[in-house]
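The next block holds one structure in the form of structure tokens; read it before the comments.
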Amino acid sequence: MSTQSPNTVLGKQKKVTLQTIRAKKQRGEVITMLTAYDYPIASAIDRAGIDIILVGDSLGMVVLGYPNTLSVTMEDMLHHCRAVARGAQTSLLVGDMPFMSYQASIQEAIRNAGRFLQEGGMDAIKLEGGRERLDAIQAIISAGIPVMGHLGLTPQSVNQLGGFHPQGRHAAQAREILDDALALQDAGCFSIVLESIPGQLAKLISGRLDIATIGIGAGSGCDGQVLVTYDLLGLFDRFTPRFVKKYANLRQEMVRAFEDYKTDVLAHNFPTSEHTVEMSDQEWKTFMEAMTDYGAG
Ligand code: KIV
């Protein structure tokens, strides 16, 4: 029996596909996912061997500075998807459909989903919602576009939910989320993000489904985990959800670097000769002589 991870062939990383994700679910191997919005971070995540990169509409909050994700447009998403696609060779790339890009009509949903693959370089799309989105999900999948679902705390419904609160803590609501998850699986989703729901519920749903669940604030019983990379790196300081683990404090490190740069420039410690373009003494002499001619002429 092979002991190789489905991500590697003869020790080399190979492109993560839907089949890789299915195989990991079947084998009980944990799936890793992180968000990215630009080339350097996508490239580092890809290098680290993370299975899935999500170009999340969290872009709106952590990169563009909006209070929520509602202002993010298709053009914003595609611009950042292209940068991510240029940086990642191995991870499966999932583009997040922004608010109002799939709710108004099925036709618009298919066309916008297609743009993520055609113009954004993504492999799949993600959209929020349960049974109320089945028509759009089925139509997108029929067009040959893989779909990842998103249940529980769905940030595009922040106004309907009355804030960024955990979901599914009451029995009836928990049942709704389970039924939504089963419906999304039947519709053909290859995976579902479960955000901010009780750990017991996420574990039960993960056990009932044949497709992979990816949890955020949903405990360790999911088939995989996702975090917003700017939270993980400590780059976003407006607030930190309880479920985030910070693996670095890059904002602090950035402020320190910018202050050191300012101090160096003010003290004339930067740039030094090693950061400066050189010219030979002979060329300089020739130049100065020409300058004299120029001045005299
Ligand atoms: O937009 C996003 O980053 C997301 C993740 C939190 C799953 O949807």
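Every number for a ligand or one of its atoms is a count from 1 in the order of the listing. Below, each value reflects all heavy atoms present in this structure, side chains not excepted, and no hydrogens, waters or symmetry copies.
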Check your understanding: Are E253 and R256 close enough for a salt bridge, meaning some N to O gap below 4.0 Å?
Key -> yes

Point to revise | Every residue of the protein that comes under 4.0 Å of ligand 1, judged on heavy atoms | key: T35, L54, G56, D57, S58, D96, K126, H150, V193, E195, I216, V228

Review point. Do T263 and D260 have a side chain donor and acceptor closer than 3.5 Å?
Key: no

Check your understanding: Is there any side-chain hydrogen bond (donor to acceptor under 3.5 Å, both in side chains) pair reaching into residues 178-187, and which pairs are they, with sequence neighbours excluded?
Key -> R131-D180, R175-D179

**Study point:** Verdict with supporting geometry, R111 and E108, salt bridge (charged side-chain N to carboxylate O under 4.0 Å, His left out)
**Key:** CA-CA 5 Å; R111 283 203 197 293; E108 257 187 75; over 6 Å; no

Review point. Quick one: CD1 on I140 to CD1 on I106, what's the gap to the nearest 0.5 Å?
Key: 8.0 Å

Point to revise | Main-chain N/O of T286 paired to E289 side chain as donor or acceptor, under 3.5 Å | key: no

